[in-house]
Amino acid sequence: MEERIHINVSAIDYDKTSKALTHQLSLLEEMVHGEEDFVMTDSEFAFGWHFFVLSVNRSLIQKLVEMMGKDFEKLKGKGTEKKFLAWLMKNVESKSPRFKLALKEEMESSKYGIF
């Protein structure tokens with residue numbers, strides 16, 4: 001199993017979105033006593049959107065699962081990774097204009113016919 005999950009982020013405003021994601025994940029790290037549990041790439045701009053990748057340690061997500069308990073299970077999505085995306089969206093969407101999150105592995109899968 002890979003140590004990190006990779007999340008493709010698409011955003012209209014890179015600065016606001018990256019700061020909001022960094023702030024939320026830093027708060028999470030503080031709550032669970034983590035350090036350097038996530039990394040963000042620089043953005044690439046195309047079609048009016050900024051595209052970048054957010055990589056999060058699975059250990060940080062696992063600590064969130066343990067901390068939230070049954071409330072984490074109630075989040076929308078199949079599996080821990082999808083539920084984490086739902087949690088992240090919920091906690092960042094009010095702080096950033098239009099943005100989307102998707103698991104990198106899914107975006108590269110042939111079922112979407114993109115790559």
Side-chain angles (χ1 to χ4, degrees):
M1 183 157 84
E2 199 167 302
E3 276 185 34
R4 294 179 182 252
I5 67 163
H6 304 288
I7 302 165
N8 282 336
V9 183
S10 311
I12 295 292
D13 186 331
Y14 172 74
D15 289 335
K16 276 190 181 176
T17 304
S18 64
K19 284 177 185 168
L21 288 167
T22 299
H23 177 73
Q24 188 60 47
L25 291 170
S26 294
L27 286 176
L28 175 58
E29 278 184 332
E30 204 173 295
M31 285 191 293
V32 299
H33 308 292
E35 276 186 28
E36 298 180 16
D37 281 322
F38 66 93
V39 173
M40 208 174 299
T41 64
D42 291 332
S43 81
E44 293 182 26
F45 187 74
F47 309 110
W49 287 78
H50 293 272
F51 299 94
F52 56 101
V53 176
L54 171 65
S55 298
V56 181
N57 285 351
R58 289 185 188 274
S59 60
L60 181 66
I61 298 168
Q62 192 55 45
K63 289 175 187 174
L64 174 66
V65 171
E66 291 165 9
M67 186 181 79
M68 288 183 69
K70 291 190 187 292
D71 288 335
F72 189 85
E73 289 306 313
K74 293 176 187 172
L75 291 170
K76 198 174 181 180
K78 277 188 174 179
T80 305
E81 293 171 355
K82 289 279 200 179
K83 289 179 186 296
F84 176 72
L85 284 186
W87 176 86
L88 195 55
M89 281 292 289
K90 187 179 91 174
N91 285 284
V92 175
E93 65 189 350
S94 64
K95 301 169 186 88
S96 175
R98 292 178 45 207
F99 73 99
K100 298 178 191 290
L101 302 176
L103 293 172
K104 190 169 173 62
E105 293 80 26
E106 282 186 357
M107 293 294 291
E108 293 171 350
S109 124
S110 61
K111 75 177 182 180
Y112 286 94
I114 297 173
F115 299 98

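None of the values given here were measured: they were computed from a predicted structure.
Taking each heavy atom of Lys83 and Glu73 in turn, the nearest pair found is NZ-O, 3.0 Å. Among all heavy-atom pairs drawn from Lys63 and His33, the shortest one is NZ-O, 4.4 Å. Closest non-hydrogen pair, Gly77 versus Lys82, comes out as CA-CB, 3.9 Å. Leu28 approaches Phe84 most closely through the heavy-atom pair CD2-CE1, 4.3 Å. Looking at every heavy atom in both residues, Thr80 comes nearest to Phe72 through O-CZ, 3.7 Å. Heavy-atom minimum distance, Lys16 versus Ser96: C-OG, 4.1 Å.
Under the 4.5 Å side-chain heavy-atom criterion for ILVMFWY residues, a single connected hydrophobic cluster contains both Met67 and Trp87. Residues Met31 and Ile61 fall within the same hydrophobic cluster, defined by Ile, Leu, Val, Met, Phe, Trp and Tyr side chains chained together at heavy-atom separations under 4.5 Å. Follow the hydrophobic side-chain contacts under 4.5 Å out from Leu85 and you reach Met68 in the same cluster.
For the atom pair Leu88 CG and Leu25 CG, the distance stands at 5.5 Å (nearest 0.5 Å). Ser26 contributes atom OG, which lies 11.5 Å from atom CD of Glu35 (distance to the nearest 0.5 angstrom). Expressed to the nearest 0.5 Å, how far CE of Met89 lies from CG of Leu75 amounts to 13.0 Å. One finds the CD1 atom of Ile7 at 6.5 Å from the CG atom of Leu103 (value rounded to the nearest 0.5 Å).
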Table please: side-chain donor-acceptor pairs of residues 44-57 below 3.5 Å, with sequence neighbours left out.
from	atom 1	to	atom 2	distance (Å)
His50	ND1	Ser43	OG	3.2
Ser55	OG	His6	ND1	2.7
Asn57	OD1	Arg4	NE	3.3
Asn57	ND2	Asp37	OD1	2.8

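Partners of Asp15 according to the side-chain contact (heavy atoms from CB on, under 4.5 Å) rule, which considers only residues two or more places apart in sequence or in another chain, are Asp13.
Side-chain contact between Tyr14 and Val9 is absent, with no heavy atoms from C-beta onward closer than 4.5 Å.
The environment of Lys95 atom NZ is dense: over 12 non-hydrogen atoms of other residues, nucleotides or ligands sit within 6.0 angstrom.
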Check your understanding: Given Phe38 and Gln24, is the side-chain contact (heavy atoms from CB on, under 4.5 Å) satisfied, shown in steps?
Key -> CA-CA 11 Å; Phe38 66 93; Gln24 188 60 47; over 6 Å; no

